[in-house]
Amino acid sequence: MAEPIKVSMTEDGIRLARWFGRHYPSVNIGELRKLCRSGQIRINSRRCRGDEILKSGDMVRVPPGATSRIASEKPKRTESGERFSMRDLENLRTRIIHDDADIVVFDKPAGLATQGGTGIQKSLDKMAAAMFPHDKIMLVHRLDRDTSGVIVLAKNQRAAQLLAEEFSGRDAKKEYLALLSGNVSPKSGIIDNFMVKGRVISDDEADELKKESGVRAHRAITKYEVVSHLPGLVSWVRFSPVTGRTHQLRLHSAFSLNAPIVGDDIYGRCRSSDCESAAATLRSFIDNNNLFLFAHRLSFKHPSTGKVVTVRAPLPDFMRGVAKLLELRTE
């Protein structure tokens, strides 16, 4: 008889039949029930029927004739078309910052899409839904695929509604850290302008656009502070966005501060000789293509208690290493 298999935290609350479907897809439901009736499959040494709900830490005894486990190694296509494995889910679970009955907060890695869609192989919302199959996982705000850091998801409709209102109403407080190519002057301030279709425009341009074509530009407000810098090379900046427009910090860095975020392949084209010189120097010792924008801290009212919750994540390794190399103060 094969060694029993321990149910992981990611699979807490899953039914035995579904667990078998993940790990032993060659065993159909009829065969599963027959193996249970004959005592060849047991949970914690006890006989089972096949519809039991498993808990984290349960030991499932599997007959040696079953096809070897593949779910932890080979991604399986979900109903939404995404492909992620149990190992992917286990890795994501290690990035949980906070978890309770209403919310779950992740330290999202760079490169993982927040929301699923056409052509998306892995997304945070779909993976979180698989991780918490008995909750109704819903996004209440978003991070760009290339942005890493703190993001909160609701586990039920009530929590989602309250949090969505808080985020849209500017009550939630966000703090980002970023490495910008070049100098930033002045060293602190508030950027207040308008955005439309991936462009930053002035108040007059926004008014003219609305008059001529009826297109409404969106106001974008960002507070910023230079934490440390290397003259002529880089600036380590703390951003506190007041509004939440698409690519707001990336656009404000590139066009309002004239210092694009390092690794920004959309708005990162330099517009001055100083920026180009800094970018060339950076490319000589940065060995990755990551976007150096990190959602560091998030404060919001808990949907059940009403108390302010503040969550934060540690700097990702690729940002910490460069900051250390350049001897930059990060906070």
Side-chain angles (χ1 to χ4, degrees), residues 84 87-99 104-115 120-125 127-128 131 139 141-153 172-182 184 222 224-230 233-241 244 247-250 252-254 259-268 278-279 281-300 310-331:
F84 49 80
R87 177 169 294 176
D88 292 328
L89 295 182
E90 292 291 352
N91 289 338
L92 184 60
R93 179 174 286 279
T94 66
R95 304 183 73 94
I96 291 177
I97 300 171
H98 175 92
D99 180 22
V104 57
V105 184
F106 290 95
D107 175 10
K108 187 187 82 68
L112 177 64
T114 297
Q115 186 173 25
I120 301 295
Q121 291 298 308
K122 298 177 185 178
S123 66
L124 179 67
D125 62 338
M127 293 176 72
M131 192 179 297
L139 293 169
H141 70 117
R142 288 166 175 76
L143 292 177
D144 293 345
R145 181 203 290 261
D146 296 328
T147 303
S148 54
V150 179
I151 184 169
V152 58
L153 289 81
K173 306 301 181 185
K174 305 174 185 177
E175 180 183 297
Y176 291 74
L177 296 173
L179 184 67
L180 276 56
S181 179
V184 172
T222 301
Y224 76 91
E225 175 190 7
V226 176
V227 178
S228 59
H229 72 288
L230 286 181
L233 185 61
V234 292
S235 300
W236 189 273
V237 177
R238 178 185 294 113
F239 287 117
S240 299
H247 292 178
Q248 177 173 316
L249 300 183
R250 299 167 72 171
H252 274 170
S253 297
I261 297 174
V262 173
D264 192 340
D265 59 358
I266 299 177
Y267 310 107
T281 302
L282 287 171
R283 286 194 294 269
S284 68
F285 62 82
I286 293 180
D287 60 356
N288 64 74
N289 296 317
N290 289 322
L291 178 69
F292 280 66
L293 176 62
F294 171 62
H296 176 50
R297 190 196 314 259
L298 181 62
S299 295
F300 56 93
T310 298
V311 288
R312 55 187 293 171
L315 274 174
D317 290 342
F318 70 88
M319 289 184 71
R320 185 187 301 110
V322 171
K324 184 177 180 180
L325 179 65
L326 298 178
E327 299 182 346
L328 292 170
R329 181 167 58 89
T330 58
E331 288 195 58

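Note that the structure is predicted; figures quoted are calculated from it, not measured. Only this structure's heavy atoms are used, side chains among them; waters, hydrogens and symmetry mates stay out.
Between Asp146 and Leu293 there is no side-chain heavy-atom pair separated by less than 4.5 Å. At a threshold of 4.5 Å between non-hydrogen side-chain atoms, the residues Val311 and Phe300 count as touching. No side-chain heavy atom of Val262 sits less than 4.5 Å from a side-chain heavy atom of Val322. Taking the side chain as every heavy atom from C-beta outward, Leu112 and Met127 approach each other to under 4.5 Å. Inter-residue side-chain proximity for Phe106 and Met131 is flagged as met; some heavy-atom pair is nearer than 4.5 Å. For the pair Leu92/Leu124, a side-chain contact is recorded, criterion being any heavy-atom separation below 4.5 Å from C-beta on.
We find the OG-CD distance between Ser228 and Glu331 to be 11.0 Å, quoted to the nearest 0.5 Å. To the nearest 0.5 angstrom, His141 atom NE2 is 6.5 Å from Lys174 atom NZ. Here the NZ atom belonging to Lys173 is positioned 11.5 Å from the CG atom belonging to Leu298, to the nearest 0.5 angstrom. Taken to the nearest 0.5 Å, the CD atom of Glu327 stands 8.5 Å off from the CG atom of Leu230. Atoms CG and CZ, on Leu179 and Phe318 in that order, are 10.0 Å from each other to the nearest 0.5 Å. Of the inter-residue distances, the one linking Glu225 atom CD with Arg238 atom CZ reads 5.0 Å to the nearest 0.5 angstrom.
With Arg320 contributing its side chain and Leu315 its backbone, the two residues share a donor-acceptor pair below 3.5 Å. Here the side chain of Thr222 pairs no donor or acceptor atom with the backbone of Pro241 at under 3.5 angstrom. Thr94 places a side-chain N or O within donor-acceptor distance of the main-chain N or O of Asn91, the cut-off being under 3.5 Å. Using a distance-only test at 3.5 Å, with no hydrogens or angles considered, a donor-acceptor pair links the side chain of Trp236 to the main chain of Thr330. Looking only at distances, a side-chain donor or acceptor of Asp264 sits under 3.5 Å from a matching main-chain atom of Ile266.
Classification of the Phe239-Tyr224 ring pair by plane angle, with boundaries at 30° and 60°, yields tilted.
Shown here for Val105 and Val150, the closest heavy-atom pair between the two residues is CG1-CG1, 3.7 Å. Contact between Arg95 and Asp107 at its shortest, heavy atoms only, is NE-O, 2.5 Å. A pairwise comparison of heavy atoms in Ser235 and Gly182 identifies OG-O, 2.8 Å as the closest pair. Closest non-hydrogen pair, Thr147 versus Lys108, comes out as O-NZ, 2.8 Å. Looking at every heavy atom in both residues, Ala113 comes nearest to Arg145 through N-CG, 3.8 Å. Closest heavy-atom contact between Thr310 and Ser299: OG1-OG, 2.8 Å.
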Audit row: Val227, Leu328, side-chain contact (heavy atoms from CB on, under 4.5 Å) steps and yes/no: CA-CA 9 Å; Val227 178; Leu328 292 170; over 6 Å; no
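Counting non-hydrogen atoms of other residues, nucleotides and ligands closer than 6.0 Å to CG of Asn289 gives a total of 12 or fewer.
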